[in-house]
Amino acid sequence: MSTIPITKRGAEKLKEELHRLKTVDRPWVINAIAEARAQGDLSENAEYDAAKDRQGFIEGRLAEIEGKLSAAQIIDPLTVDAGGRIVFGATVELEDQDSGVPVTYQIVGEDEADLKLGLVNISSPIARALIGKEEGDTAEVQAPGGTRRYDIVSVRYE
């Protein structure tokens, strides 16, 4: 199995979700199943069916998170020394050449990506266009609306 890059913050979020699923959600659904069983006939018991479905989701998510964490290569952006180059975990300030609008993105793993928060997936077109570039360079991104050009204003590791 290949390694999955993830920031330290992203790994902590997954560990928190794993802990919540094991200590809160799983015991709750086990209790809900027991209560539904106590009501008698399971063939037409909607609460039992819903609790079993929820249990399947929880167990599946637990397995998924444990698998991701076991294959994770945790990268702390604070310890990255890429000499000003854009790498995984870097925070990049860009300026759109056409509109002059500034944007800031951090390049993160798949599970952490949230464009609304400025977190872009390492395999996204914009991240692929930025990797390896430095402050002062121009990045060309193939977007659905055509090619967009960004000036790289600054690169930080935070």
Side-chain angles (χ1 to χ4, degrees), residues 1-82 85-94 96 103-133 139-148 150 152 155-158:
M1 180 180 237
S2 63
T3 60
I4 301 167
I6 189 168
T7 64
K8 188 175 177 183
R9 180 183 64 234
E12 290 303 319
K13 281 186 171 183
L14 283 178
K15 288 175 185 175
E16 287 171 11
E17 182 180 358
L18 184 67
H19 179 72
R20 180 183 49 78
L21 287 169
K22 285 183 175 182
T23 62
V24 177
D25 294 359
R26 184 190 263 170
W28 177 85
V29 81
I30 289 169
N31 187 44
I33 290 170
E35 286 179 15
R37 277 192 176 143
Q39 293 176 7
D41 184 17
L42 299 180
S43 63
E44 293 183 22
N45 190 327
E47 289 84 11
Y48 178 78
D49 291 338
K52 289 298 281 183
D53 288 346
R54 180 74 181 146
Q55 182 183 37
F57 171 79
I58 290 170
E59 295 303 324
R61 184 67 180 147
L62 280 168
E64 179 183 4
I65 292 172
E66 287 171 340
K68 286 179 180 180
L69 286 173
S70 69
Q73 176 186 1
I74 300 171
I75 299 170
D76 185 353
L78 292 173
T79 63
V80 171
D81 182 18
R85 297 184 79 74
I86 299 172
V87 294
F88 181 86
T91 299
V92 185
E93 288 183 45
L94 307 170
D96 188 311
V103 291
T104 302
Y105 295 123
Q106 182 180 20
I107 299 174
V108 298
E110 179 183 340
D111 289 311
E112 306 169 80
D114 186 344
L115 196 54
K116 292 175 190 157
L117 299 176
L119 304 172
V120 294
N121 185 345
I122 183 76
S123 61
S124 69
I126 191 156
R128 289 194 315 262
L130 293 172
I131 294 292
K133 300 229 181 321
E140 291 188 10
V141 179
Q142 297 300 322
T147 302
R148 301 196 65 157
Y150 293 95
I152 300 168
V155 179
R156 301 185 312 271
Y157 310 102
E158 51 186 34

N/O donor to acceptor pairs below 3.5 angstrom from side-chain atoms of residues 18-25, sequence neighbours left out:
unit_1 : atom_1 : unit_2 : atom_2 : d
R20    : NH1    : D25    : OD2    : 2.5
K22    : NZ     : E66    : OE2    : 3.1
T23    : OG1    : H19    : O      : 2.7

Checklist entry - Roughly how far apart are I65 CD1 and K15 NZ, rounded to 0.5 Å? => result 12.5 Å
Item to check | CG on L69 to CD1 on I6, rounded to 0.5 Å | outcome: 6.5 Å
Item to check | Min side-chain heavy-atom separation Y48-Q39 under 4.5 Å | outcome: no
Item to check | Candidate pair I75 and V87, rule side chain to side chain contact (heavy atoms under 4.5 Å, CB included), full reasoning | outcome: CA-CA 11 Å; I75 299 170; V87 294; over 6 Å; no
Next on the checklist: Looking at every non-hydrogen atom in both residues, tell me the closest pair between Q55 and V29 and how far apart they are.
Outcome noted: N-CG2, 3.7 Å
Checklist outcome for this item: Closest non-hydrogen atoms of P77 and Y157, given as atom of the first, atom of the second and distance, are O-CB, 3.1 Å
Item to check | Nearest-0.5 Å distance that lies between atom CZ in R37 and atom CD1 in I33 | outcome: 6.5 Å
Item to check | Side-chain heavy-atom pair K52, D49 within 4.5 angstrom cut-off | outcome: no
Checklist entry - Between L94 and I152, is a side chain to side chain contact (heavy atoms under 4.5 Å, CB included) present by the stated rule, with each step listed? => result CA-CA 5 Å; L94 307 170; I152 300 168; 3.7 Å; yes
Checklist entry - Atom NZ of K133 and atom CD1 of I86: how far apart are they, to the nearest 0.5 Å? => result 8.0 Å
Next on the checklist: If I compare all heavy atoms of A11 with all of I74, which pair ends up nearest, and what's the gap?
Outcome noted: CB-CD1, 3.7 Å
Checklist entry - How close do F88 and V108 get, heavy atom to heavy atom, and via which atoms? => result CE1-C, 3.3 Å
Checklist entry - With the threshold set at 4.0 Å, does a side-chain nitrogen-carboxylate oxygen contact exist between R61 and E64? => result yes
Checklist entry - So do R26 and L62 actually touch side chain to side chain, heavy atoms under 4.5 Å? => result yes
Next on the checklist: Which heavy atom of S2 sits nearest to which heavy atom of A71, and what is that distance?
Outcome noted: O-CB, 3.7 Å
Indicate every side-chain donor-acceptor pair of residues 109-122 with a distance under 3.5 Å to a residue at least two apart or in another chain.
unit_1 : atom_1 : unit_2 : atom_2 : d
D111   : OD1    : K68    : NZ     : 2.6
D111   : OD2    : K68    : NZ     : 3.2
E112   : OE1    : T7     : OG1    : 2.2
E112   : OE1    : G10    : N      : 3.4
E112   : OE2    : T7     : N      : 3.0
E112   : OE2    : G109   : N      : 3.1
D114   : OD1    : K116   : N      : 3.2
N121   : OD1    : S123   : N      : 3.0
N121   : OD1    : S123   : OG     : 3.3
N121   : ND2    : S123   : OG     : 3.4

Next on the checklist: Working note: Y150 + L130, criterion side chain to side chain contact (heavy atoms under 4.5 Å, CB included); need CA distance, chi angles, decisive distance, verdict.
Outcome noted: CA-CA 9 Å; Y150 293 95; L130 293 172; 5.6 Å; no
Checklist entry - What do the steps show when you test V103 against D96 for side chain to side chain contact (heavy atoms under 4.5 Å, CB included), and what is the final call? => result CA-CA 8 Å; V103 291; D96 188 311; over 6 Å; no
Checklist entry - For the side chain of N45 and the backbone of A36, is there at least one donor-acceptor N/O pair under 3.5 Å apart? => result yes
Checklist entry - Could you give the distance from CD1 (I4) to CD (Q73), rounded to the nearest 0.5 Å? => result 10.5 Å
Item to check | Polar side-chain atom of Q106 near backbone of G89 as donor-acceptor pair, under 3.5 Å | outcome: yes
Checklist entry - So do K8 and T79 actually touch side chain to side chain, heavy atoms under 4.5 Å? => result no
